[in-house]
Number of protein chains: 4
Amino acid sequence: MSDVRGALSPRKSPVQARSTATIEALHVAAIQVLTKEGLARCTTTRVAHRAGMSVGSLYQYYPNRDALLAAVLEQHLDTVASAVSRCCREQHDKPVSDMASALVSTFLAAKLGNPAESKALYAVAGERGGAALVARVHTRMVEAIATMIATASDAHFVSPTDTAAISLNAVVGPVRALLEGHAPPEFEACLEVQLVRLLTAYLQSHCTPSKTGPTNTRGGRNPALERA
Amino acid sequence: MSDVRGALSPRKSPVQARSTATIEALHVAAIQVLTKEGLARCTTTRVAHRAGMSVGSLYQYYPNRDALLAAVLEQHLDTVASAVSRCCREQHDKPVSDMASALVSTFLAAKLGNPAESKALYAVAGERGGAALVARVHTRMVEAIATMIATASDAHFVSPTDTAAISLNAVVGPVRALLEGHAPPEFEACLEVQLVRLLTAYLQSHCTPSKTGPTNTRGGRNPALERA
Amino acid sequence: MSDVRGALSPRKSPVQARSTATIEALHVAAIQVLTKEGLARCTTTRVAHRAGMSVGSLYQYYPNRDALLAAVLEQHLDTVASAVSRCCREQHDKPVSDMASALVSTFLAAKLGNPAESKALYAVAGERGGAALVARVHTRMVEAIATMIATASDAHFVSPTDTAAISLNAVVGPVRALLEGHAPPEFEACLEVQLVRLLTAYLQSHCTPSKTGPTNTRGGRNPALERA
Amino acid sequence: MSDVRGALSPRKSPVQARSTATIEALHVAAIQVLTKEGLARCTTTRVAHRAGMSVGSLYQYYPNRDALLAAVLEQHLDTVASAVSRCCREQHDKPVSDMASALVSTFLAAKLGNPAESKALYAVAGERGGAALVARVHTRMVEAIATMIATASDAHFVSPTDTAAISLNAVVGPVRALLEGHAPPEFEACLEVQLVRLLTAYLQSHCTPSKTGPTNTRGGRNPALERA
DNA sequence: CATGAATGAGTCTTCATTCAT
DNA sequence: GATGAATGAAGACTCATTCAT
């Protein structure tokens, strides 16, 4: 990623307030253009003009179009990842059901807070540089989740990282389907409840029988799965 | 979707062997170019040349670039959807755990059989016409899954369609993450087992206690969820 | 024109009935396509298909697109020129007013009988080869008119050819304006009457005073003009 | 026409001197290419290059090829129409013979001043947008002429607009024939004199007999025509 | 520093023409 | 003879990027 950063990050460090404001304006403009025109028609000129400046100025802040888009994507992903990480830290040592609902509501809040933005950036994420960016952020979120679930009061995970990765992406899938219009709008109504149920059930399938009493038969319903 | 089809479907019906071969060559070439160059560089000229013909010939079969990409995407999605539908039909009246594993293995086989193709087409699915295509196919798969789970021998679903939509996308999420490189390659190793566990747990959270005997405490672990 | 003919005329002499019918079908189709699609979209493939044959067959009869269009134009122009020539022959030795009305009504009948055809062919006439074709036919009509007016019973023309050329084009102008939509449709209602008046007045301005009696003061209203 | 203008007018208002010069260069270049290559080969690239710039620059001033051609045509037509309008205003209240000669000489001066330009633009006038443009300008000229002849000191017109339309197009016809090469070059020598005679005779055929004395039998030579 | 005009390579798409079947 | 698939040159138009002002 380091070489990518070298090529794609802003030319200037945003030490000055003006730079920060300008960059922010560019990001907002980029998302608007992305939303209204689509990735292919999201041109540097259009973004600059919507941000109230000339193309030349845009190039003062980003070496090229890809760098701008990467920065916008990165900012979005960072926001999401930070929210998730913070949430995970707060749920340490809690039972998995708490973790599940906290994680789902945090993620949904972050992604559905600005659906247009989230949706628009999926296209950017699909381009050459985007996958690496997403991978990096996913790894970060997976680590946060893995660390969290490893502390669960009522479950034990043989491979927390794998479980975390599945958990994250099992939530990401339906959310993405909703944002990209692969599911009907009504789907949104039941989304949170169902995702919590999904995640809770998945995590609870790792519950330690001993912790809930000898007569309980829940944990390891399918012992074979425990190997994974 | 009908108007989209009108604009995007092949110009000639592939009744002749030659046409079929040519169209197949174009599809293969499109996927190769998509994989090696990315959506933005997947130009009609490049696809035609890789398919061993000139641009003009490509336009004899497709009215424009989008139509070609849509056709490739549609073919892929149809294959997947058909496999899923067939699988669902075969699992009617079985317990949810059977359904879960059948669904997961069928979906994985369809998607990971040709990972390059699957991956390449995600970008296409993000474009204007793609979302509608995906939505249509998703609906089809969701219906197949909903119909299947409604017959489950050991569970009752208040809203089979919603449960099916969540189930499908919860599986799609991790698979897509793997294909798009958002997860490490090692992830693949545990994918199937974990997805089966995820889906089984989710579906079993809807289990009817009465069906498995009075002493069983498994079903409806979290009764509150049963409302959804 | 001879070299043009060599390059643009049909490959086969239309001795066979089939050829004649085919060529006629092509001409009709060409005019239809010209009318509905415009010159730029009047392609060989489209014309052939509308004529119920394949492109290859079209090329059996015409060496290239320009030859086809030239032939269609030529046929149209020939029809008009023939009508005009015949009309002129019939008006020999009559007074100019008879000549004027006969000429106008013949020309209008020929041009406005199929307005779509006439209009469509103006575009063809504007292309490279068209001007020469038109010039040739104009010359023919001018000669016919000149020959006719030279026999007028009540006028004498110093330069019959020039007068004929002016006469022809003075009629062509308003007709073309109507066909090309440069004038409102209502214009058509008064067209014939006004053109007859125009032409009559023009030709009568050459009237020989002696021929109509000594007291008549009409002829040579403006004697200065008689020089031309 | 308004929607056409919206689509075909220049992108930038030529407020800056540079813009004006650039636009002028494009117009000149367009006419040159049109003249030397014909409408079909008058491509944006060729025009731009002849104007000493790249295609991209051309598109900075015109949204598409048609807009450029329309602008060139419009400029030409406006020049002609303005000259005609001014001329008409100056001939109010004069006898028709004065009006005829002024109109003819003004029109000839405007059209034959730059024959290449006039000729080249006939092709443009034939294209989709061109006809509307020409119609608009023709209407303007017809109105100016109608207003003028209505004030004639020695004639009365029942329908000045119709007479004006015929007058204009009767002059346009021969001029166009000359420019498009439908008439021999020698034709030009007698053109003005003959057109003046043509127009004078036509307009004088509407002369009020009373104005020129009771014994005069000229006016309304053919009383039937007076109805029109 | 900001501006935005200029550049020209690169896209999509069309079409006249040929030629194997 | 007829057919229509294949060709590829050419045209319209876009856009990332630069640089003179």
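As the structure is a computational prediction, the values presented were derived from the model and not from experiment. Chain A is the first sequence line, chain B the second, and so forth, proteins listed ahead of strands; every chain is numbered from 1.
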Exercise. Starting at the 5' end of DNA chain F, which residue's closest nucleotide do you reach first, B:G52 or C:M53?
Worked result: C:M53
Between [options], which one does the side chain of [X] approach most closely?
{"X": "C:T44", "options": "F:dT17, F:dA9, E:dA16", "value": "E:dA16"}
{"X": "A:Y59", "options": "E:dT3, F:dA2, F:dA16", "value": "F:dA16"}
{"X": "B:T43", "options": "E:dT18, E:dC12, F:dA12", "value": "E:dC12"}
{"X": "B:R41", "options": "E:dT11, E:dT17, F:dT14", "value": "E:dT11"}
{"X": "A:N64", "options": "F:dA2, F:dT17, E:dG8", "value": "F:dT17"}
{"X": "C:R65", "options": "E:dA16, F:dA6, E:dA2", "value": "E:dA16"}
{"X": "C:S54", "options": "E:dA6, F:dG8, F:dG4", "value": "F:dG4"}
{"X": "C:Q60", "options": "F:dG1, F:dG11, F:dA16", "value": "F:dG1"}

Problem set entry | Contact under 4.0 Å: C:R46 side-chain N or O vs E:dC15 OP1/OP2 | yes
Seminar exercise, completed: Walking DNA chain E from its 5' end, the first of A:H49 and C:A40 to be reached, judged by nearest nucleotide, is A:H49
Seminar exercise, completed: Comparing B:C42 with C:V55, nearest DNA chain E nucleotide closer to 5' gives the residue B:C42
Nearest whole angstrom, please: distance from the [atom2] of [N] to the [atom1] of [X].
{"X": "B:L69", "N": "E:dT11", "atom1": "CG", "atom2": "P", "answer": "14 Å"}
{"X": "D:L39", "N": "F:dG11", "atom1": "CG", "atom2": "P", "answer": "13 Å"}
{"X": "C:Y62", "N": "E:dT17", "atom1": "OH", "atom2": "C1'", "answer": "17 Å"}
{"X": "D:L68", "N": "F:dG11", "atom1": "CG", "atom2": "P", "answer": "15 Å"}
{"X": "B:L58", "N": "E:dT11", "atom1": "CG", "atom2": "P", "answer": "15 Å"}
{"X": "D:E127", "N": "F:dA12", "atom1": "CD", "atom2": "P", "answer": "11 Å"}

Exercise. Heavy atoms under 4.0 Å, any strand shown: does A:S57 hit a base, just sugar-phosphate, or nothing?
Worked result: base
Exercise. Taking it one step at a time, do A:L121 and A:V124 satisfy side chain to side chain contact (heavy atoms under 4.5 Å, CB included)?
Worked result: CA-CA 5 Å; A:L121 290 173; A:V124 177; 4.1 Å; yes
For this session: Would you sort out whether C:M53 and C:L26 count as a side chain to side chain contact (heavy atoms under 4.5 Å, CB included), showing the intermediate values?
Result: CA-CA 9 Å; C:M53 67 187 75; C:L26 285 172; 3.8 Å; yes
Exercise. Given the rule in the side chain to side chain contact (heavy atoms under 4.5 Å, CB included) test, do C:E127 and C:L39 qualify, once you have shown the distances and angles that lead to the verdict?
Worked result: CA-CA 10 Å; C:E127 286 214 325; C:L39 178 57; 3.6 Å; yes
Problem set entry | Side chain to side chain, B:L68 and B:Y61, heavy atoms closer than 4.5 Å | no
For this session: Identify the residue among C:K119, C:E117, C:Q75, C:R50 that makes a side chain to side chain contact (heavy atoms under 4.5 Å, CB included) with C:I31.
Result: C:E117
Exercise. In this structure, which one of C:T22, C:V72, C:L73 forms a side chain to side chain contact (heavy atoms under 4.5 Å, CB included) with C:H27?
Worked result: C:V72
Exercise. With both distances kept under 3.5 Å, what pairs with F:dC13, Watson-Crick or G-U wobble?
Worked result: E:dG10
For this session: Can you tell me the pairing partner of F:dA6 across any strand shown, Watson-Crick or G-U wobble, with both distances under 3.5 angstrom?
Result: E:dT17
